[in-house]
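This is the structure I want to talk about, given as structure tokens.
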Amino acid sequence: MAVSGTTVVRRQLGRRLARLRQAAGVTHEQVRQRLGISRATMNRLESGQVEIKVPIVIALCTLYGTGKDETDELIALAPGTKDRGWWQAYDDVVPGWFRLYVSLEAAADRICTFDESVVPGELQTGDYARALYAADLSDRETIDRHVRLRLERQAKLFDRTPPPQMIAVLGEGALRRTVGGGAVLEAQIAHLRELDRREGVEIRVLTFESGAHPATTGAFRVLDFTDPDDPNVAYLETQVGAWYLEQPAELTEYRRLFDALCQQAVPIGKYEP
């Protein structure tokens with residue numbers, strides 16, 4: 001069963017409204033002319049980025065000629081697009097572009113992640129995370145807030161019922177860089193081995209000895225959702241923003257890369273530093 005949440009409901013309702021508009025042969029320009037809703041707002045609405053209020057649902061369904069039963073279904077979804085997520089308590093330390101990822105992660109049924117140089121946030125110990133943030137930030141309170149957010153993200157992710165499937169491929173460099181010192185790194189590796197023994201979690205290591213690999217462009221994640229109204233996403237992060245890719249060709253390429261990395265990497269249980 002997929003986990004429900006604000007972003008999931010927004011995306012489901014937005015997708016359904018987009019399909020109804022397309023089936024009715026209505027363009028964004030026609031929506032603007034008839035209802036005064038701008039093209040930019042319609043893009044945000046149909047992609048699940050914003051709250052969708054009941055009057056908007058009614059107005060769009062009327063314009064599209066939607067039947068009463070389906071209109072009632074969509075009206076019932078609208079209130080669920082308003083709720084605030086737990087992560088919004090950390091708005092002071094979460095960039096706007098990252099909030100969508102946190103909400104998607106909290107609802108994904110399968111997460112595939114690759115990072116060559118650092119342990120992904122979902123798998124970090126508190127001490128490892130603190131050392132990473134301390135390398136970039138000087139304010140202790142801000143660092144503490146980031147670490148608490150990261151640990152709460154992990155708890156929300158792995159304590160779900162059922163938990164998501166998590167498959168991670170880490171470059172060997174991530175397990176050799178002494179983030180926080182030798183003891184912190186040793187504890188981090190032990191934590192990874194422990195997580196790998198959990199049901200639904202698989203951690204693999206892309207060793208230096210394995211040579212060249214096809215994902216030299218950098219870290220990425222692929223998030224899968226079981227509900228067809230909640231499309232899968234490939235996620236790429238930069239220092240100042242992120243890309244959310246949903247096109248079939250884009251997802252196919254990143255799945256190809258991840259499958260190749262999995263074949264080349266070894267299970268962490270067989271990895272010897």
Task: Backbone of L185 reached by a side-chain donor or acceptor of R177 within 3.5 Å - done: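 Absent.
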Task: D224 and R255 ion-paired at < 4.0 Å - done: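 Between R255 and D224 there is a salt bridge, with a charged N closer than 4.0 Å to a carboxylate O.
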- [ ] Check the pair E29 / R32 against salt bridge (Lys or Arg N to Asp or Glu O under 4.0 Å), numbers first and verdict last.
- [x] CA-CA 5 Å; E29 177 60 21; R32 187 192 65 78; 2.5 Å; yes
Open item on the list: Check D144 with R130, please: is the shortest side-chain N to carboxylate O separation under 4.0 Å?
Closed with: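 So R130 pairs with D144 through a salt bridge.
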Open item on the list: So for atom CZ, which belongs to R193, do other residues, nucleotides or ligands contribute more than 12 heavy atoms lying within a distance under 6.0 Å?
Closed with: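 It does: R193 CZ has more than 12 such atoms within range.
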Open item on the list: Is any side-chain heavy atom of V57 closer than 4.5 Å to one of L13?
Closed with: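 Yes; the side chains approach each other to less than 4.5 Å.
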TODO: For the residue pair F114 and H213, categorise the inter-ring angle as parallel (less than 30°), tilted (30 to 60°) or perpendicular (more than 60°).
DONE: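 F114 vs H213 ring planes: perpendicular.
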Open item on the list: Within a 6.0 Å radius of atom CH2 on W97, are there more than 12 heavy atoms belonging to other residues, nucleotides or ligands?
Closed with: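 Count over threshold, so yes.
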Task: Main-chain N/O of A78 paired to E51 side chain as donor or acceptor, under 3.5 Å - done: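 The answer is no, because no donor-acceptor pair under 3.5 Å joins these two groups.
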TODO: Find the distance between CG (L206) and SG (C262) and round it off to the nearest 0.5 Å.
DONE: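 The CG atom of L206 sits 10.0 Å away from the SG atom of C262.
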Task: Short side-chain donor-acceptor distance under 3.5 Å, E246 and Y244 - done: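 No pair is found: no donor N or O on one side chain lies under 3.5 Å from an acceptor on the other.
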Open item on the list: Using a strict threshold of under 4.0 Å (side-chain N to carboxylate O), is an ion pair present between E152 and R148?
Closed with: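 Looking at R148 and E152, the cut-off is not met.
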TODO: Measure up the F258 and F220 rings against each other and bin them: parallel (under 30°), tilted (30 to 60°), perpendicular (over 60°).
DONE: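 Rings of F258 and F220: perpendicular, over 60°.
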- [ ] Measure from the side-chain N and O atoms of E122 to the backbone N and O of R153, and report whether any donor-acceptor pair falls under 3.5 Å.
- [x]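 The answer is no, because no donor-acceptor pair under 3.5 Å joins these two groups.
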Task: Interatomic spacing from CD1 in I189 to CZ in R176 - rounded to 0.5 Å - done: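 Going from the CD1 atom of I189 to the CZ atom of R176 covers 9.0 Å.
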Open item on the list: Is there a side-chain contact between H28 and N43 in this structure, where contact means two heavy atoms from C-beta onward sitting under 4.5 Å apart?
Closed with: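 Yes - at least one pair of side-chain heavy atoms lies under 4.5 Å apart.
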- [ ] May I ask you to check whether over 12 heavy atoms, not counting those of Q22, lie within 6.0 Å of atom CD?
- [x]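 Atom CD in Q22 is packed in, count exceeds 12.
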Task: Any donor-acceptor N/O pair, R198 side chain to F158 backbone, under 3.5 Å - done: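 Yes, the answer is positive, given that a donor and an acceptor are paired below the 3.5 Å cut-off.
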Task: S47-Q49 side chain donor-acceptor pair, cut-off 3.5 Å - done: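 There is such a pair (donor and acceptor under 3.5 Å, judged by atom type) between the side chains of S47 and Q49.
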Task: Pairwise distance CD1(I167) to CG(L261) - rounded to 0.5 angstrom - done: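 Interatomic distance, I167 CD1 to L261 CG, rounded to 0.5 Å: 12.0 Å.
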Open item on the list: Can you tell whether the side chains of R256 and E253 come within less than 4.0 Å, N to carboxylate O?
Closed with: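 Looking at E253 together with R256, the answer is yes, because their closest N to O distance falls below 4.0 Å.
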Open item on the list: Between Y128 and V119 (side chain of the first, backbone of the second, donor and acceptor by atom type, cut-off under 3.5 Å), is there such a pair?
Closed with: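 Indeed, once roles are kept as given, a pair shorter than 3.5 Å links the two residues.
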TODO: Please say whether more than 12 non-hydrogen atoms of neighbouring residues, nucleotides or ligands are located less than 6.0 Å from CD in Q33.
DONE: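 Yes, enclosed.
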Open item on the list: Could you check whether any side-chain N or O of N232 sits under 3.5 Å from a backbone N or O of F225, counting only pairs where one atom can act as donor and the other as acceptor?
Closed with: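 Yes, the answer is positive, given that a donor and an acceptor are paired below the 3.5 Å cut-off.
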Open item on the list: Among R16, R21, R11, R10, which residue satisfies the side-chain hydrogen bond (donor to acceptor under 3.5 Å, both in side chains) criterion with E46?
Closed with: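 Result: among R16, R21, R11, R10, R21 is the only option passing the side-chain hydrogen bond (donor to acceptor under 3.5 Å, both in side chains) with E46.
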